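A short write-up of the structure that comes next.
What you are looking at is a predicted structure, and each value in this text was computed from that prediction instead of being measured. When reading the values below, keep in mind they use all heavy atoms of this one structure, side chains included, and skip hydrogens, waters and symmetry mates.
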Amino acid sequence: LPSADALLHVETKGKSFQRFGTPWQGRAMLRTVLRPVRAAAHARVLRSTLSAVDPDRPFVPKDSTTKRMEKVAPQPSSSPLAWAARMLGLHGREASFLRAATNLYTSSCHQAELHEFNTVCEVEETFSATFELTVLHVWLLLQRLRALGNEGKKLNQAVFEFMWEDYSRRVANVGVQAFMINKHVRSLEQSFFGSCVAYDEGLLGSDALLASALWRNIYGTDALVSPRALATMVAYIRREAASLDSQTAEDLARGKLVWGAPPNASLVSSAGVHLGQLAGDAAATTPDRPSSF
């Protein structure tokens, strides 16, 4: 194939383009003008070569401009809305990761706010009790994510950060003055870590140990809570922990989290939790210290 300099010599008869300024500028301009000619020549040669090898093989010539356009042009199989979302960064890896973490945390909050916790499990409808129910469900989620390796560790951190962003807004919404919000949030963080340690010990230990952690943190050592309500909470936690263990890492990484049915009295008999000594054992295993709030 003729080079750009050879084509330049043919087109200009060996004379430089003084019209575009210096001779070098004239040559650069002419190379730009003649680039489609060279691309067409390459296409004819390659088309004839491929036809001789495989006549049914399609050939589409591509120059640098075509390749750049392919990177940003919408694909035929995708809608214009999906293409626009990719251009805005809504379908990138980072956006998908943040969306998954948000879905995991939001699902945990919705489960923690079920009315059955107040009616069946006798949890008070207060800010502190609602926060502890949220801590309980976020803890169940985080202890599952810890088993997912590096990806689970990143999701764990993202869910944790979303939780405190959410509770910073909740604390402000209950009327706390702006300069006191950080102090209250730090107090909630300390309570969160203490509750998680207690729940870890209870999940690995006996029902009485888990009931003790619930009694301290969710019920505030309220002696009026019935043994059946406490046993229902213990059975609910063990059921949800087993359910989370059965959910795949791929679903959790996509933000798909499935919680079980709301707590009900039938959980006690199905889980085999004994009511007789549970409340007494929980009180006996509870150290002499105030509630986490």
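The two atoms that bring I181 and S168 nearest to each other are CG2-O, 4.0 Å, heavy atoms only. Contact record, M233 with C121: SD-SG, 3.4 Å, taken as the closest heavy-atom pair. When all heavy atoms of V120 and N264 are compared, the pair lying nearest together is CG1-CA, 3.9 Å. Smallest separation of non-hydrogen atoms from E122 and A229: CD-CB, 3.6 Å. Annotation for A253 and L155: closest pair CA-CD1, 3.9 Å, computed over non-hydrogen atoms.
The hydrophobic clustering, which links ILVMFWY residues whose side-chain heavy atoms are closer than 4.5 Å, places Y167 and F193 together. Neither V197 nor W139 shares a network with the other; the hydrophobic side chains, linked directly or stepwise wherever heavy atoms of I, L, V, M, F, W or Y lie under 4.5 Å apart, form separate groups for each.
Using a 4.5 Å heavy-atom threshold, the side chains of D207 and R238 count as touching. Side-chain contact check for S108 versus L257: some heavy-atom pair is nearer than 4.5 Å. For the pair M163 and D166, the minimum side-chain heavy-atom distance is 4.5 Å or more. T134 places a side-chain heavy atom less than 4.5 Å from the side chain of V138. Contact of the Q157 side chain with the K154 side chain is not registered, since no non-hydrogen atoms from C-beta on lie closer than 4.5 Å. E151 is listed as a side-chain neighbour of F97, based on a closest heavy-atom distance under 4.5 Å. For the pair L204/L209, no side-chain contact is recorded, criterion being any heavy-atom separation below 4.5 Å from C-beta on. Residues S212 and R216 form a side-chain contact, since some pair of their non-hydrogen atoms from C-beta on lies under 4.5 Å apart.
Judged by distance alone, the side chain of S107 and the main-chain N or O of L104 form no donor-acceptor pair under 3.5 Å. With hydrogens and angles ignored, the 3.5 Å screen pairs a side-chain donor or acceptor of T102 with a backbone N or O of L98.
Going from atom CD of Q111 over to atom CG of L136 covers 10.0 Å, rounded to the nearest 0.5 Å. Rounded to the nearest 0.5 angstrom, I237 CD1 and L210 CG are separated by 4.5 Å. Here N217 contributes atom CG and F131 contributes atom CZ; the two are 10.0 Å apart, rounded to the nearest 0.5 Å. Here Q190 contributes atom CD and S195 contributes atom OG; the two are 11.5 Å apart, rounded to the nearest 0.5 Å. Rounded to the nearest 0.5 Å, atoms OG (S128) and CG (L133) are 11.0 Å apart.
Between T106 and N103, the side chains place no donor N or O within less than 3.5 Å of an acceptor N or O (distance only, hydrogens not considered). Neither side chain, R228 nor T232, offers a donor N or O lying under 3.5 Å from an acceptor on the other.
For E113, the salt bridge (Lys or Arg N to Asp or Glu O under 4.0 Å) partners are R170, not counting sequence neighbours. For E125, the side chain to side chain contact (heavy atoms under 4.5 Å, CB included) test picks out H115, N118, with sequence neighbours left out. Not a single ring pair (Phe, Tyr, Trp, His ring centres under 6.0 Å) links F162 to another residue, sequence neighbours left out. With sequence neighbours excluded, the residues that form a ring pair (Phe, Tyr, Trp, His ring centres under 6.0 Å) with H137 are F117, Y236, W259.
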Stepwise side-chain contact (heavy atoms from CB on, under 4.5 Å) test for E189 and V185: CA-CA 6 Å; E189 287 182 356; V185 171; 4.1 Å; yes
Residues V176, V174; criterion side-chain contact (heavy atoms from CB on, under 4.5 Å); working and verdict: CA-CA 6 Å; V176 176; V174 297; 3.9 Å; yes
Criterion side chain to side chain donor-acceptor pair (under 3.5 Å) on S191 and E132, from CA distance to verdict: CA-CA 9 Å; S191 175; E132 274 296 346; 3.2 Å; yes
Only pairs under 3.5 Å count here: list side-chain donor-acceptor contacts from residues 140-150, not counting sequence neighbours, and write none if there are none.
| unit_1 | atom_1 | unit_2 | atom_2 | d |
| --- | --- | --- | --- | --- |
| Q143 | NE2 | L140 | O | 3.2 |
| R144 | NE | L244 | O | 2.7 |
| R144 | NH2 | Q247 | O | 2.7 |

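Centroid-to-centroid, the aromatic rings of F192 and W164 come within less than 6.0 Å. Taking the six-membered ring where the residue is Trp, the centroids of F160 and Y105 are separated by 6.0 Å or more.
Evaluation of the salt bridge (charged side-chain N to carboxylate O under 4.0 Å, His left out) test over residues 259-268, restricted to residues two or more places apart or in two chains, returns none.
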